[in-house]
Amino acid sequence: MLVVDGSLPIEKFDRTFFYNMALRETSDIINRVSVTLDVETAHAWLEVSEDRKRVRCTGTERSLPDTGKRFTGWWCVLGSEGFTSGRHYWEVEVAGSRVWSLGVAAESVERKGRVILTPETGVWSIWRQDDEFDADTDPLSPLTARPIPGRVGVYLSYESGTVSFYDADTKSHLHTFTGNKFTEKLYPFFWPCDDNWLRNCSGSAPGVGNVNVGRVK
């Protein structure tokens, strides 16, 4: 059984061991994603860089067409590439930002209203606000990692219904959502809440040798 797929209770394993060994065991089928952002989903308060790798909240509303894809409630944006199968890993540099949320969102997530963004509403994410660091559940689930990471790794295993988060600098586990039954397309999810950039960056999962790299054309 592979721990990374939630086959065994994650609490029974040392976090660093879990991170390195489980990912190494699945190295031949992990798709390391180079995430670019879908500007058609970006809230009007967000600024997306020209290369579509970075995003921040400006607090200034731009005049943008309200396509069905665009968030008009919360200040969110999705990645361009969605997934309906497989195992995928990407990293986000959050150093410098003190208020943010990131993770994975279902295609059907509410984009026009301000519902609480939790697994029940189609978002699997972690949240930072200054010194508060939580998994986005209702109520919030405090995360114990200190210092709060400057770079976060996100791992999605679609078939096993698992979304995991890691401190990409210390190679330690932060949180795992398990027991989900995914039935629709899932996208990388970003919610920057201050004027510091969140940056998608390349970087292989520690302990993983050769992996496939997925890039948005």
Side-chain angles (χ1 to χ4, degrees), residues 31-84 88-130 134-136 148-156 158 163 165 168 177 182 184-203 213-217:
N31 180 38
R32 191 181 74 229
V33 182
S34 180
V35 175
T36 57
L37 301 170
D38 183 352
V39 295
E40 292 187 5
T41 68
H43 188 280
W45 282 18
L46 300 185
E47 177 184 0
V48 176
S49 62
E50 186 174 348
D51 64 0
R52 296 191 294 148
K53 305 297 289 184
R54 297 177 296 149
V55 61
R56 64 178 179 176
C57 182
T58 65
T60 301
E61 187 169 0
R62 295 173 297 154
S63 178
L64 297 172
D66 182 11
T67 65
K69 298 172 62 177
R70 191 175 307 285
F71 285 91
T72 59
W74 297 119
W75 314 318
C76 304
V77 62
L78 301 181
S80 297
E81 182 181 9
F83 314 109
T84 55
H88 310 274
Y89 177 85
W90 60 93
E91 292 182 359
V92 184
E93 187 175 308
V94 294
S97 177
R98 295 186 61 84
V99 190
W100 50 264
S101 179
L102 61 89
V104 175
E107 188 169 35
S108 63
V109 65
E110 175 61 52
R111 306 187 190 206
K112 308 308 177 185
R114 290 196 170 190
V115 299
I116 297 175
L117 300 181
T118 64
E120 290 73 24
T121 59
V123 177
W124 296 262
S125 61
I126 60 175
W127 161 263
R128 175 187 183 175
Q129 183 173 9
D130 297 322
D134 306 286
D136 283 321
I148 295 174
R151 181 183 293 210
V152 174
V154 184
Y155 174 74
L156 164 66
Y158 192 97
V163 180
F165 298 88
F177 294 97
F182 298 136
E184 60 180 294
K185 187 173 286 189
L186 303 177
Y187 291 87
F189 166 83
F190 307 87
W191 183 357
C193 297
D194 61 25
D195 61 359
N196 294 292
W197 294 102
L198 301 186
R199 184 173 72 89
N200 292 292
C201 44
S202 58
V213 179
R215 296 184 180 274
V216 178
K217 304 298 183 182

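If you're wondering where the values come from, they're calculated on a predicted model, not measured in any experiment.
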J.: Which value, rounded to the nearest 0.5 Å, describes the distance between Thr60 atom OG1 and Leu46 atom CG?
T.: 11.5 Å
J.: Can you tell me how far CZ of Arg111 sits from CZ of Phe71, rounded to the nearest 0.5 angstrom?
T.: 5.0 Å
J.: Do the side chains of Leu64 and Arg70 get nearer than 4.5 Å, heavy atoms only?
T.: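 Yes, close enough: below the 4.5 Å cut-off.
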J.: Would you call Arg151 and Val94 a side-chain contact if the rule is heavy atoms closer than 4.5 Å?
T.: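 Of all side-chain heavy-atom pairs linking Val94 with Arg151, none is under 4.5 Å.
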J.: Can you list everything that forms a side-chain hydrogen bond (donor to acceptor under 3.5 Å, both in side chains) with Lys185? Sequence neighbours excluded, please.
T.: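 If we apply the side-chain hydrogen bond (donor to acceptor under 3.5 Å, both in side chains) test to Lys185, skipping adjacent residues, there are no hits.
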J.: Where is the tightest heavy-atom contact between Val35 and Gly79, given as atom of each residue plus distance?
T.: CG1-CA, 4.2 Å
J.: Using distance alone, with no hydrogens and no angle criterion, decide if Arg52 and Ser80 have a side-chain donor and acceptor under 3.5 Å apart.
T.: yes
J.: Would you give the length of the straight line joining atom CH2 of Trp90 to atom CG of Leu102, rounded to the nearest 0.5 angstrom?
T.: 9.5 Å
J.: More than 12 non-hydrogen atoms from neighbouring residues, nucleotides or ligands closer than 6.0 Å to CD1 on Ile116, yes or no?
T.: no
J.: How about Cys201 and Arg199: do any of their side-chain heavy atoms sit closer than 4.5 Å?
T.: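 Cys201 reaches Arg199 side chain to side chain.
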J.: If you compare all heavy atoms of Cys76 against all heavy atoms of Leu117, which two are closest, and at what distance to 0.1 Å?
T.: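 Answer, listing the atom of Cys76 first, then Leu117: SG-CD1, 4.1 Å.
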J.: With sequence neighbours excluded, tell me which residues meet side-chain hydrogen bond (donor to acceptor under 3.5 Å, both in side chains) with Tyr158.
T.: none
J.: Just jot down the side-chain hydrogen bond (donor to acceptor under 3.5 Å, both in side chains) partners of Ser125, sequence neighbours excluded, or say none.
T.: Ser101, Asp136
J.: Work out which heavy atom in Tyr89 is nearest to a heavy atom in Gly153; give both atom names and the distance.
T.: OH-CA, 3.6 Å
J.: Could you report the tightest heavy-atom contact between Glu107 and Tyr187, atom names first, then the distance?
T.: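 Reported closest heavy-atom pair: OE2-OH, 3.4 Å.
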J.: Side chains of Thr118 and Val123: closer than 4.5 Å at any heavy-atom pair?
T.: no
J.: Looking at Arg56 and Asp195, does any basic side-chain N land under 4.0 Å from a carboxylate oxygen?
T.: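 No, no charged N to carboxylate O under 4.0 Å.
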J.: Going by an N to O cut-off under 4.0 Å, is there a salt bridge joining Asp66 and Lys112?
T.: yes
J.: Any side-chain heavy atom of Lys53 sitting closer than 4.5 Å to one from Thr36?
T.: yes
J.: How many angstroms lie between CH2 in Trp45 and OG1 in Thr58, if you round to the nearest 0.5 Å?
T.: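 That separation rounds to 8.5 Å.
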J.: Assess whether side chain to side chain contact (heavy atoms under 4.5 Å, CB included) is satisfied between Trp100 and Ile126, documenting all intermediate values.
T.: CA-CA 8 Å; Trp100 50 264; Ile126 60 175; 3.9 Å; yes
J.: Which value, rounded to the nearest 0.5 Å, describes the distance between Glu40 atom CD and Leu78 atom CG?
T.: 11.5 Å
J.: Hey, is the main chain of Val99 close enough, under 3.5 Å, to the side chain of Asp130 for a donor-acceptor pair?
T.: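 Absent.
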J.: Glu184 and Ala106: which non-hydrogen atoms are nearest, and at how many Å?
T.: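 Glu184 and Ala106 have their closest heavy atoms at CD-CB, 3.6 Å.
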J.: Under 4.5 Å between any side-chain heavy atoms of Leu37 and Asn200, yes or no?
T.: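 The answer is yes, as the side chains (C-beta and beyond) meet within the 4.5 Å cut-off.
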J.: Run the numbers on Lys69 and Asp38 for salt bridge (Lys or Arg N to Asp or Glu O under 4.0 Å), then give the verdict.
T.: CA-CA 9 Å; Lys69 298 172 62 177; Asp38 183 352; 2.7 Å; yes
J.: Between Phe182 and Trp124, is there a side-chain heavy-atom distance shorter than 4.5 Å?
T.: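 Side-chain contact under 4.5 Å: yes.
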J.: Which is it for Glu81 and Val33 under the side chain to side chain contact (heavy atoms under 4.5 Å, CB included) test, yes or no, and what are the steps along the way?
T.: CA-CA 9 Å; Glu81 182 181 9; Val33 182; 3.8 Å; yes
J.: Closest approach of Ser49 and Trp197, non-hydrogen atoms and distance?
T.: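 Shortest heavy-atom contact: N-CZ3, 4.0 Å.
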J.: In Å and rounded to the nearest 0.5 Å, what is the SG to NE2 distance from Cys57 to His43?
T.: 8.0 Å
J.: Less than 6.0 Å separating the ring centroids of Trp75 and Phe190?
T.: no
J.: A side-chain contact here means heavy atoms from C-beta on lying under 4.5 Å apart; do Val55 and Trp191 qualify?
T.: no
J.: Is a side-chain donor-acceptor pair under 3.5 Å present for Glu110 with Thr121?
T.: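 No.
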